[in-house]
Amino acid sequence: MDIRLVNLTRIFADKNSEVRAVDNLDITIPSGKLIGLLGPSGCGKSTTLYMIAGLLEPSSGQIFFGDEDVTTLSPEKRGIGLVFQNYALYPHMTVKQNIMFPLQNMKLPKAEILQRTVKYAKLVGIEELLNRKPKQLSGGQQQRVAIARALVKEPRVLLLDEPLSNLDARLRLQTREEIKRIQRETGITTVFVTHDQEEAMSISDEIVVMKLGVEQQRGNPQEVYDQPVNQFVAKFLGTPPINIFSGKIQNGDLYVGEEKIGTSTLEDQEVTIGIRPEGFEIDPDAQMTVVVKQVEYIGRDKSIVATNPASEKENFRIIIDANVEVKEGETVKVAVKPNKCFVFDKLTEKRVQ
Amino acid sequence: MVEGKKSINFLKGMLCLLPAIVLLGIFTFYPIVNTFLMSFKEGYNYLITNEKNFESWGFGNYVKLFSEGNNFPKYLINTMVIVFVSVPVSITLSLLIAVALNSIKPLQRFLQTIFFLPYVTNTIAIGMVFSVMFESHQGLMNTLITSLGGSSINWLGGNTQAVLIGEGIFTHPFFNAQWFTSMIVLLAYIVWNSLPFKVLILLSSLQSIDKQYYQAAQIDGTTKARTFMRITVPLLSPQIFYLLITSFIGAFKEYTSVVAIFGDNAQSVGQKNNMATVVWYIYQKTKEQSLSGYPQTSLAAAGAVILFIIIMIFTAINSYVSKKKVHY
């Protein structure tokens with residue numbers, strides 16, 4: 001079953017001001033897919049999730065589950081499972097009681113309640129922890145209990161609010177694979193919210209990048225990364241983040257500062273240029289010069305902190321193969337890979353090339 | 001080095017605690033020990049100041065408390081009635097009031113203040129208001145009841161024309177119908193008087209419960225009643241337990257409320273001392289002299305020791321139960 005958001009708007013208003021937390025959002029979430037809502041804090045992604053859950057009422061617009069309009073339906077009638085950011089496991093109940101709780105509300109027969117509880121505990125891999133209290137579990141285990149509790153009533157939609165933000169780095173990696181596996185196995189339409197682009201890109205079938213309540217771009221993660229529609233999306237995706245330079249187009253050539261890095265079919269104008277850290281190559285014949293300030297070895301790659309007068313920030317980062325010889329303090333010439341280099345309009349920040 | 005430092009820290013700590021220890025020793029520990037000793041002294045007379053001021057050691061005072069003609073067992077029953085009715089009723093009521101207060105947005109602050117007002121009002125003053133409200137001729141309650149078509153109730157006695165509730169059921173010469181109606185008034189007063197503090201405690205802990213538990217419960221389609229029983233009450237259980245212990249102890253020591261409504265003699269018209277509690281008895285015995293002119297302090301001491309032991313037992317039971325039922 002797919003989810004359709006039609007002109008979804010939510011306005012938070014008080015006496016002096018109003019905030020359009022979500023502004024005319026139009027998204028279709030395909031059935032059985034895992035979708036990540038991605039954006040910096042305050043971009044309206046959680047608000048959107050809570051509106052899908054029914055915990056917040058939209059100011060205008062509609063929400064459809066399949067063909068059914070659920071906009072005015074109360075949360076318990078929507079058939080959703082929600083995993084809260086801090087899991088909201090009932091602290092006084094054991095894991096088993098927590099997972100059973102939604103089923104008891106549905107007044108199912110006892111045998112079925114037990115059977116389903118065990119089934120979903122197994123699915124998320126916590127069947128040995130059923131008699132523990134949430135306090136006796138690690139963050140990752142609590143997370144799984146929360147997912148089991150959300151799934152056990154076999155909802156039509158699974159919603160996850162910042163599912164990985166409370167976990168440490170190693171657990172995060174493991175859990176995101178786990179979430180993807182669980183989603184695949186159950187085939188449930190899943191929406192999750194995150195501010196962490198890496199997390200979103202690694203597990204989503206599709207991501208929606210949001211800024212200040214407005215959808216910026218939607219697509220499969222690689223496509224959004226390779227073809228950002230504007231400077232915001234380009235900056236938001238990728239670690240280390242994209243490097244921004246001021247540049248210009250003159251007579252069909254593209255310049256960073258006064259140094260030519262490529263060609264362009266656009267007319268002469270001042271532009272902003274974004275180059276991904278992995279978009280540089282050391283090339284003595286190239287024109288762009290950079291001063292190497294610092295070299296960091298990060299195993300497979302080498303990360304270089306470099307300067308160039310046209311750079312927006314004082315320093316920027318280049319990632320190259322670890323075999324390439326570069327010394328600190330050295331001035332080198334670099335070429336720019338055209339597919340890693342984006343040209344943005346200086347005023348509208350829209351991508352023009 | 002470290003050892004020396006430790007002992008210096010110990011000395012420092014002791015020095016800071018010293019004033020409290022001295023004061024507690026004089027005003028708490030010494031009296032407790034002395035009360036115990038006194039309760040076992042038969043024929044004790046503190047007015048005699050020479051070496052031997054009692055006849056013998058023994059359980060004589062305890063025997064006297066429970067012997068024929070002594071009203072102490074009746075006062076003990078009065079106290080038990082107060083404990084086992086007023087505590088559960090007031091905790092349940094305050095829980096409901098706190099949840100109701102917590103669920104309304106407009107006027108919450110205002111109502112919160114109103115509910116807290118009785119706490120800062122003088123107990124005796126409220127007691128007098130209650131005795132006027134339940135006055136058996138023209139009190140507010142009877143005026144209300146008669147204007148609704150009922151007949152006056154002889155709450156506190158003194159109105160032979162009025163009805164006594166429980167007539168025919170309460171036929172014991174001491175625990176009679178007059179005792180029953182008076183007890184209703186006393187319990188209503190005690191519950192009323194203890195509500196504000198409980199509401200305050202419960203409300204503040206209700207407000208600190210994470211809203212997400214309720215959102216989670218809502219998504220799972222939990223009914224209001226089930227949310228209350230399965231989520232709110234367990235999450236409040238540490239506070240409920242705290243209130244349970246303190247109000248149990250408070251109710252065992254009930255005294256002021258009796259005096260406030262029924263006066264020094266703790267009587268509703270018709271029977272002497274029929275509303276008296278254990279503490280009332282203890283206080284009386286510290287002042288009274290026996291027929292032969294002896295002070296009765298050792299009887300008071302024996303009463304106090306019995307009350308002390310009962311409270312200990314109940315607190316122990318409470319904390320045993322709480323280990324199983326309270327979720328910290």
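Order of the sequence lines sets the chain letters (A, B, ...), proteins ahead of strands, with each chain counted from 1. Keep in mind the model is a prediction, meaning the values are calculated, not measured.
Although no hydrogens or angles enter the test, the distance criterion places no donor-acceptor pair under 3.5 Å between the side chain of A/H92 and the main chain of B/S237. A/Y90 contributes a side-chain N or O that, together with a main-chain N or O of B/A217, makes up a donor-acceptor pair within less than 3.5 Å.
Interface check for chain A: of the options B/T223, B/L235, B/T222, the most heavy-atom pairs under 4.5 Å are formed by B/T222.
The environment of A/D67 atom CG is sparse: at most 12 non-hydrogen atoms of other residues, nucleotides or ligands sit within 6.0 angstrom. Counting heavy atoms of neighbouring residues, nucleotides and ligands inside a 6.0 Å radius, atom NZ of A/K33 does not exceed 12 of them. For CD of A/E185, the number of neighbouring non-hydrogen atoms (other residues, nucleotides, ligands) closer than 6.0 Å is greater than 12.
From B/I231, atom CD1 reaches atom CE of A/M93 across 5.5 Å, with rounding to the nearest 0.5 Å.
Of all residues spanning residues 94-116 of chain A, those with a heavy atom less than 4.5 Å away from chain B's heavy atoms are A/F101, A/P102, A/Q104, A/N105, arranged by number.
Between A/Y87 and B/Q212, the closest side-chain pair of non-hydrogen atoms is not below 4.5 Å. Between A/K153 and B/D220 the shortest side-chain heavy-atom distance falls below 4.5 Å.
Heavy-atom distances place the side chain of A/K133, and not its backbone, under 4.5 Å from chain B. Looking at A/L55, only its side chain comes within 4.5 Å of chain B, counting heavy atoms on both sides.
Nearest heavy atoms, A/I80 versus B/I219: O-CG2, 3.6 Å.
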